J.: 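First, the structure itself, so that you have it in front of you.
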Amino acid sequence: MRDAGGQVIDDAVVLYFPAPASATGEDVAEFHVHGGRAVLASLFAALSAIENVRAAEPGEFTRRAFENGKLDLTEAEGLDDLIHADTDRQRRQALRQLKGLLGDKARDWRARIIEAFALIEAGIDFSDEGDIPSELMNPALANIGALLDDITEVLAAQGRSERIREGLVVAIAGPPNVGKSTLMNQLARREVAIVSPHAGTTRDIIEVQLDLDGYPVTVIDTAGIRETDDPVEQEGVRRARARAAEADLVLWITDTERAGIPPEGNAPLWLVRNKIDLPRAETTLPGGARSGRTFAISARRGDGIADLISGLVDYAHQFFGSSEDGLIGRARQRELLERTVDSLRRSITVAGRGEELAAEELRSAAYSLGRLLGQVDVEDILDVIFRDFCIGK
């Protein structure tokens, strides 16, 4: 392979994929070169010198594949999720998306909606033919009912499968100097937080990403929650309370002396009694404070950590639901399926008041599924989806 001046760039393999059989549906050439920076710089310089040749934008190849009908929008989202997958469960869910399993179901559902819509429209067209409208409306309503059951079942079976992408958020909170940062380091199996015998060491939010049995979990170490006159620590306490209130699960850490007052919020709260290696005096939470499971640990020695991690894995499994077969990978997909279900239910409800009303609701249901697949009115979300892709994907 040589540049325009005849200088050798590299010994390479060049593969040509003619349209429409390529990944993007266009003529595509792949250069398989050695990965040194000098080789890549020379290759890019030689290609850029060719008229009408430029570097691809992030996600441009995938967007071209979508626009040329090689992928539907759910498959493109699955590819993006696969690129950014950090855990095995994220990878498996992204592969299901990339294989088009949700898209295949959505296309089948949309076709069935259109069939029901056609029956109702025929009833409207033949409304002067006596019994024909009812003969067409009844099978249409039966089809809608069966379709409604199918989509509702998929929604119910997914749990919070779309949350697999972001992961479970667990906040470690409690009074100062009860071992929150030590527990954080135990869970991360490395020193990510400063451990000090002085209260108030942690001033800001510290986050670490964990892979617990394939579940993505973000663990947050927060500032010790207490009354203080230090303005910097006050801001840390404020952030700690806010972050704990937004978490999916709060681990409230106490020791033999301090229980503290847990922050308000709707997230489940587990009481974790630390420093069991020291002379023990039971601590209790203030009356009325919510508490779920209770664990006894020594964050310094590691006692009880395995049981706590096992509890977190069990909680993640319950939180995400049956994500092993999850078809829904994003909140956008769930919202559009819920809109579809709402439209189908309304079509059944209004059918007795007029075929035109039922037909309009079916049109709305088909439109929602079209947006799911990227077939109608999705320009407003395409840039958001494809901008997160890697260069050259």
Side-chain angles (χ1 to χ4, degrees), residues 1-4 9-37 39-86 90-111 162 165 327-333 336 367-393:
M1 184 172 59
R2 301 173 183 269
D3 61 18
I9 298 175
D10 190 18
D11 289 328
V13 175
V14 180
L15 301 178
Y16 172 59
F17 300 90
S22 69
T24 65
E26 304 167 328
D27 291 333
V28 174
E30 288 186 359
F31 293 80
H32 294 247
V33 300
H34 296 94
R37 293 182 180 178
V39 173
L40 296 178
S42 297
L43 176 59
F44 288 150
L47 291 174
S48 299
I50 302 173
E51 187 177 1
N52 296 324
V53 173
R54 62 169 176 80
E57 298 292 334
E60 186 168 351
F61 280 93
T62 306
R63 181 159 186 168
R64 286 172 180 252
F66 165 73
E67 292 174 344
N68 292 326
K70 290 291 184 175
L71 299 171
D72 65 37
L73 198 53
T74 65
E75 292 168 322
E77 289 171 325
L79 179 57
D80 182 31
D81 292 344
L82 186 61
I83 292 170
H84 295 97
D86 292 321
Q90 288 176 319
R91 177 190 63 81
R92 293 203 296 263
Q93 177 169 283
L95 278 175
R96 286 191 291 272
Q97 293 275 313
L98 185 55
K99 289 177 181 178
L101 299 184
L102 177 60
D104 290 343
K105 281 187 172 293
R107 275 184 287 273
D108 175 64
W109 292 333
R110 193 164 186 255
E162 71 273 14
R165 296 178 61 247
L327 299 179
I328 300 173
R330 299 197 175 205
R332 182 191 78 88
Q333 297 166 0
L336 287 170
Y367 180 80
S368 295
L369 289 178
R371 282 184 61 85
L372 176 67
L373 296 167
Q375 295 178 352
V376 293
D377 188 25
V378 291
E379 285 299 322
D380 55 333
I381 64 172
L382 291 183
D383 290 338
V384 175
I385 291 174
F386 291 112
R387 73 185 179 193
D388 292 332
F389 275 69
C390 302
I391 300 293
K393 289 293 183 181

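Heavy atoms only: backbone and side chains are in, while hydrogens, waters and symmetry mates are out. Source: prediction; values computed, not measured.
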J.: Which donor-acceptor pairs under 3.5 Å do side chains of residues 9-23 form with protein atoms, sequence neighbours excluded?
T.:
unit_1, atom_1, unit_2, atom_2, d
Asp10, OD1, His34, ND1, 3.0
Asp10, OD2, His34, N, 2.9
Asp10, OD2, His34, ND1, 3.1
Tyr16, OH, Asp27, OD1, 3.3
Ser22, OG, Gly25, N, 3.1
Ser22, OG, Glu26, N, 3.1
Ser22, OG, Glu26, O, 2.4

J.: Under the rule for side-chain hydrogen bond (donor to acceptor under 3.5 Å, both in side chains), what residues qualify as partners of Gln333, not counting sequence neighbours?
T.: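 For Gln333 the side-chain hydrogen bond (donor to acceptor under 3.5 Å, both in side chains) partners, ignoring immediate neighbours, are Glu77, Gln97.
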
J.: Can you tell me how far the CG atom of Leu369 sits from the CG atom of Leu336, to the nearest 0.5 Å?
T.: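 Answer rounded to 0.5 Å: 8.0 Å.
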
J.: Of all the heavy-atom pairs spanning Thr62 and Ala76, show the shortest one and how long it is.
T.: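 Taking every non-hydrogen atom into account, CG2-CB, 4.1 Å.
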
J.: Show me the pairs that pass salt bridge (charged side-chain N to carboxylate O under 4.0 Å, His left out) and involve residues 39-53, at least two apart or across chains.
T.: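 Every pair satisfying salt bridge (charged side-chain N to carboxylate O under 4.0 Å, His left out) with a residue in residues 39-53: there are none.
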
J.: Supply the atom-to-atom distance Ser368 OG to Arg110 CZ, rounded to the nearest 0.5 angstrom.
T.: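 Between Ser368 OG and Arg110 CZ, I get 10.0 Å after rounding to 0.5 Å.
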
J.: Is the shortest side-chain heavy-atom distance between Arg332 and Leu73 below 4.5 Å?
T.: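 Yes, close enough: below the 4.5 Å cut-off.
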
J.: Please enumerate all residues that pass side-chain hydrogen bond (donor to acceptor under 3.5 Å, both in side chains) together with Arg37, with sequence neighbours excluded.
T.: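 Listed in chain order: nothing, the list is empty.
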
J.: Which heavy atom of Ala46 sits nearest to which heavy atom of Asp3, and what is that distance?
T.: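 For Ala46 versus Asp3, the nearest heavy atoms are CB-CB, 4.0 Å.
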
J.: Can you tell me how far CZ of Arg63 sits from OG1 of Thr24, rounded to the nearest 0.5 angstrom?
T.: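 Spacing of OG1 (Thr24) from CZ (Arg63) equals 14.5 Å.
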
J.: Name all residues meeting the side-chain contact (heavy atoms from CB on, under 4.5 Å) criterion together with Gln90; count only those two or more places apart in sequence or in a different chain, and write none if there are none.
T.: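 Listed in chain order: Ala85, Asp86, Thr87, Ile164, Pro216.
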
J.: Between atom CG of Leu101 and atom CD of Glu75, what is the distance when rounded to the nearest 0.5 Å?
T.: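 Rounded to the nearest 0.5 Å, the CG-CD separation comes out at 9.0 Å.
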
J.: So how far is it from Gln93 CD to Asp81 CG, rounded to the nearest 0.5 Å?
T.: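 Between Gln93 CD and Asp81 CG, I get 7.0 Å after rounding to 0.5 Å.
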
J.: Please identify each residue that fulfils side-chain hydrogen bond (donor to acceptor under 3.5 Å, both in side chains) with Arg107, with sequence neighbours left out.
T.: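 Arg107 satisfies side-chain hydrogen bond (donor to acceptor under 3.5 Å, both in side chains) with Asp72, Asp104 only.
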
J.: To the nearest 0.5 Å, what is the distance between CG (Leu102) and CG (Leu372)?
T.: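 If we round to the nearest 0.5 Å, Leu102:CG and Leu372:CG are 5.0 Å apart.
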
J.: Please identify each residue that fulfils side-chain contact (heavy atoms from CB on, under 4.5 Å) with Leu82, with sequence neighbours left out.
T.: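 Leu82 satisfies side-chain contact (heavy atoms from CB on, under 4.5 Å) with Arg91, Ala94, Leu95, Leu98 only.
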
J.: With a 6.0 Å cut-off (strictly less than), is the heavy-atom count around NZ of Lys105, excluding the residue itself, greater than 12?
T.: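 Not buried by this count: 12 neighbours or fewer within 6.0 Å.
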
J.: Is the backbone N or O of Gly78 less than 3.5 Å from a side-chain atom of Arg330, with the two atoms forming a donor-acceptor pair by type?
T.: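 Flag not set: sc Arg330 to bb Gly78 has no pair under 3.5 Å.
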
J.: Among residues at least two apart in sequence or on other chains, which ones pass side-chain contact (heavy atoms from CB on, under 4.5 Å) with Arg54?
T.: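 Partners of Arg54 by the side-chain contact (heavy atoms from CB on, under 4.5 Å) criterion, ordered by chain and then number, come out as Glu57, Glu60, Arg64.
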
J.: At their closest point, which heavy atom of Phe66 faces which heavy atom of Gly374, and how far apart are they?
T.: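 Smallest interatomic distance, heavy atoms only, reads CZ-O, 3.4 Å.
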
